[in-house]
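Remarks on the structure that follows.
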Amino acid sequence: MGRILVLTNSSGGLYDFRNEFVQAMLSGHEVYVSMPDEVKKKELADEGCRIIKTAINRRGINPLEDFKLYREYRRLMRKLRPDLVVTYTIKPNIYGGLAAAGCKIPYIATITGLGGAFDRTGILLKLIVTMYRAGLKSASCVFFQNEENKGIFNKLGIRAKKTRMVMGSGVNLDRHRYEAYPQGDETHFLFVGRVMKERGILEYIEAARTLHSDKVFFDVMGYCDEDYQDMLDELEKEGVVHQVGFQTQVHPYLAAVNAVVVASFHEGMSNALIEGAATGRPVIASRISGCLEAFEEGRTGFGFTPGHSEELIEAMEKFLSLSVEERAEMGRRGREKMEKEFDRKLVTKEYMDEVSNILR
């Protein structure tokens with residue numbers, strides 16, 4: 001039996017998108033999870049994980065805070081002496097990677113997307129690249145979720161000993177089972193994701209202002225990661241949008257709508273898209289890496305250029321012109337694609353192959 005330390009910035013993200021991997025590790029190893037919140041603490045603990053709370057400012061760029069995080073990771077590793085460290089997202093990847101390398105512990109990292117970090121310029125971008133190079137250079141393996149992210153890292157000289165490509169986190173096809181398509185003459189669009197500029201909330205709101213009616217509805221599911229709450233509250237009063245808020249169980253909401261919308265500027269691999277498609281719902285999605293892999297234009301959904309509200313509106317108008325039968329068929333094709341390409345069991349096997357190779 002080996003000892004594995006998992007570093008994550010969200011217990012919900014770990015449980016909702018990677019729990020099958022966690023369970024696979026638990027079947028033969030002792031698993032510790034370092035996380036900043038308690039959203040899924042009980043569920044993970046009940047499965048057998050040993051939980052350690054570690055504060056992370058996910059979006060902060062305070063070097064003193066980040067240095068404290070690095071020191072905490074190093075302290076944890078010296079105390080636990082794990083045989084393997086597994087990291088997700090930028091700060092665990094960088095500071096967890098530095099700590100693991102310093103403690104001479106093997107580690108694997110996952111690039112779940114680049115976010116807005118690589119849109120920066122000048123000295124800040126150079127600093128991010130330098131930190132990533134240092135954090136990943138000793139990694140036993142780095143998993144990428146799309147070829148574009150891998151290409152950007154190669155171009156910038158951010159390299160590890162080994163890389164592997166996976167189809168995002170995959171989708172649990174049992175939890176996100178196929179659901180019969182909604183009937184009737186109403187259309188409900190659902191924006192899924194953190195409410196922030198780089199997730200396309202402004203373009204979605206513009207589309208809602210243009211297209212909402214007594215038959216066309218625009219829902220928003222996710223918490224505000226930026227200061228848009230007052231705007232959303234006002235739009236809800238006007239009947240333009242309806243806020244669902246942050247939900248730990250998203251499947252009932254996916255099943256209730258006619259199309260799932262992901263308007264992001266960046267993605268590793270969009271969980272919202274693959275979960276929506278697995279449920280049998282057509283998607284309206286940004287034409288970017290991390291979304292393009294998850295849908296087929298005109299067959300399982302419609303795409304648009306992120307940041308261009310007029311293209312999003314055009315894609316939604318195409319969808320609105322379809323009959324209920326055509327939409328349902330689009331959803332069925334999406335489900336078939338998920339079964340063939342995005343089954344989470346396949347992704348879990350990729351990770352466990354690497355875990356077994358390292359711990360052997």
With side chains defined as the heavy atoms from C-beta onward, is the minimum distance between L84 and V355 less than 4.5 Å? yes
In Å and rounded to the nearest 0.5 Å, what is the CG to CD distance from D83 to E30? 9.5 Å
Testing L44, L14, T348 one by one against N19 for a side-chain contact (heavy atoms from CB on, under 4.5 Å), which residue passes? L44
Hydrophobic clusters join Ile, Leu, Val, Met, Phe, Trp and Tyr when side-chain heavy atoms are under 4.5 Å apart, directly or via other members; which others share one with F246? Y223
Could you walk me through whether R333 and E336 satisfy the salt bridge (Lys or Arg N to Asp or Glu O under 4.0 Å) test, starting with their C-alpha distance in whole Å, then the side-chain angles of each, then the deciding distance to 0.1 Å, before giving a yes or no? CA-CA 5 Å; R333 289 194 291 258; E336 290 172 0; over 6 Å; no
Side chain to side chain contact (heavy atoms under 4.5 Å, CB included) between V283 and V262: does it pass, once the steps are laid out? CA-CA 8 Å; V283 299; V262 173; over 6 Å; no
If you count heavy atoms of other groups shown closer than 6.0 angstrom to NZ of K162, is the number above 12? yes
Quick check: is L125 connected to Y132 through a chain of hydrophobic side chains (ILVMFWY, heavy atoms under 4.5 Å apart)? yes
Walk me through whether T305 and E311 qualify under side-chain hydrogen bond (donor to acceptor under 3.5 Å, both in side chains). CA-CA 6 Å; T305 305; E311 288 194 26; 2.9 Å; yes
Decide salt bridge (Lys or Arg N to Asp or Glu O under 4.0 Å) for K237 and D233; before the verdict, give the C-alpha distance in whole Å, the side-chain angles of both, and the deciding distance to 0.1 Å. CA-CA 6 Å; K237 288 179 183 177; D233 290 344; over 6 Å; no
Would you call R164 and E354 a salt bridge, taking side-chain N to carboxylate O under 4.0 Å as the test? yes
Any chance the side chains of E293 and N146 put a donor and an acceptor closer than 3.5 Å? no
Give a yes or no on this: more than 12 heavy atoms of other residues, nucleotides or ligands lie within 6.0 Å of atom CG of D227. no
Verdict with supporting geometry, M196 and I201, side chain to side chain contact (heavy atoms under 4.5 Å, CB included): CA-CA 6 Å; M196 54 193 298; I201 187 61; 5.7 Å; no
Go through the steps to decide whether E236 and H242 satisfy the test side chain to side chain contact (heavy atoms under 4.5 Å, CB included), and finish with yes or no. CA-CA 6 Å; E236 186 154 31; H242 169 62; 3.0 Å; yes
Just verifying a value: how many Å separate N271 CG and H176 NE2, rounded to the nearest 0.5 Å? 8.5 Å
Can you tell if the side chain of P106 reaches within under 4.5 Å of the side chain of I358, non-hydrogen atoms only? yes
Is it true that a side-chain atom of T110 and a backbone atom of T112 form a donor plus acceptor pair closer than 3.5 Å? no
Min side-chain heavy-atom separation V86-I4 under 4.5 Å: yes
Just by distance, no angles: are the side chains of Q243 and Q229 close enough, under 3.5 Å, to form a donor-acceptor pair? yes
For a salt bridge (Lys or Arg N to Asp or Glu O under 4.0 Å) check, start with the C-alpha distance between E275 and R175, then their side-chain angles and the critical distance, and finish with the verdict. CA-CA 9 Å; E275 289 175 353; R175 184 186 309 156; 5.8 Å; no
Taking it one step at a time, do K345 and E20 satisfy salt bridge (Lys or Arg N to Asp or Glu O under 4.0 Å)? CA-CA 8 Å; K345 293 175 183 176; E20 291 79 1; over 6 Å; no
Does a donor on one side chain and an acceptor on the other come within less than 3.5 Å for H251 and Q249? no
Within 45 degrees of the axis of the six-membered ring of Y178 and under 6.0 Å from its centre: does R332 put its NZ or CZ there? no
Distance-only donor-acceptor check, side chains Y95 and T87, under 3.5 Å: no
Determine, using ring centers only, whether H188 and F217 are less than 6.0 Å apart. yes
Nearest 0.5 Å please: distance from the CZ atom of R327 over to the CD atom of Q183. 10.5 Å
Give, for atom CG of L114 and atom CG of N149, the distance between the pair rounded to the nearest 0.5 Å. 4.0 Å
Salt-bridge present (E226, R194; N to O < 4.0 Å): no
L273 and A285: which non-hydrogen atoms are nearest, and at how many Å? CD1-CB, 3.7 Å
Considering only NZ, NE, NH1 and NH2 on the basic side and carboxylate oxygens on the acidic side, decide whether D353 and K349 come within less than 4.0 Å. yes
Would you indicate whether K215, at its atom NZ, is surrounded by more than 12 heavy atoms from other residues, nucleotides or ligands within a distance under 6.0 Å? yes
Please say which of L7, V85, L5 ends up in a side-chain contact (heavy atoms from CB on, under 4.5 Å) with Y73. L7
With a 4.0 Å cut-off on N to O distance, would you call R335 and E339 a salt bridge? yes
Side-chain contact test, heavy atoms from C-beta onward, threshold under 4.5 Å: evaluate it for L136 versus F153 and give yes or no. yes
L76/I52 under side chain to side chain contact (heavy atoms under 4.5 Å, CB included): CA gap, chis, key distance, verdict: CA-CA 9 Å; L76 267 180; I52 303 161; 3.6 Å; yes
Are V216 and L320 close enough that some pair of their side-chain heavy atoms sits under 4.5 Å apart? yes
Cluster question for you: counting only ILVMFWY and a side-chain heavy-atom cut-off of under 4.5 Å, with indirect links fine, are L292 and I274 together? no
Student check: side-chain heavy atoms of F304 and M316 closer than 4.5 Å: no
Taking the six-membered ring for Trp, are F302 and F295 ring centroids under 6.0 Å apart? no
Fit a plane to each ring of Y204 and F191, take the angle between them on a 0 to 90° scale, and name the class: parallel (under 30°), tilted (30 to 60°) or perpendicular (over 60°). tilted
Could you measure the distance from the OH atom of Y32 to the SG atom of C49? Nearest 0.5 Å is fine. 11.0 Å
Answer with yes or no whether the side chains of E179 and T279 bring together a donor and an acceptor at under 3.5 Å. no
Answer whether the closest heavy-atom distance between the side chains of V142 and I111 falls below 4.5 Å. yes
Would you call R199-E267 a salt bridge at under 4.0 Å N-O? yes
For I284 and A259, which heavy atoms make the closest approach, and how far apart are they? CG1-CB, 4.4 Å
Side chains of T187 and N258, donor plus acceptor under 3.5 Å: no
Please report the interatomic distance CD1(I108) to OH(Y351), rounded to the nearest 0.5 Å. 7.0 Å
Would S309 and E203 count as having a side-chain donor-acceptor pair, cut-off 3.5 Å? no
Can you find a heavy atom in the side chain of C141 that is under 4.5 Å from one in the side chain of T163? no
ILVMFWY network linking V195 to V240, side-chain heavy atoms under 4.5 angstrom: yes
With a 4.5 Å cut-off on side-chain heavy-atom distances among I, L, V, M, F, W and Y, is there a chain of contacts connecting V220 to V257? no
M338 to A277 - nearest heavy-atom pair and separation: CG-CB, 3.8 Å
When you check the gap from the basic side-chain N to the acidic O, do K337 and E296 get nearer than 4.0 Å? yes
Note: K68-E65 ion pair, threshold 4.0 Å (strictly below): no
Examine R18 relative to Y88 and say whether NZ or CZ is less than 6.0 Å from the centre of the six-membered ring and inside a 45° cone about the ring axis. yes
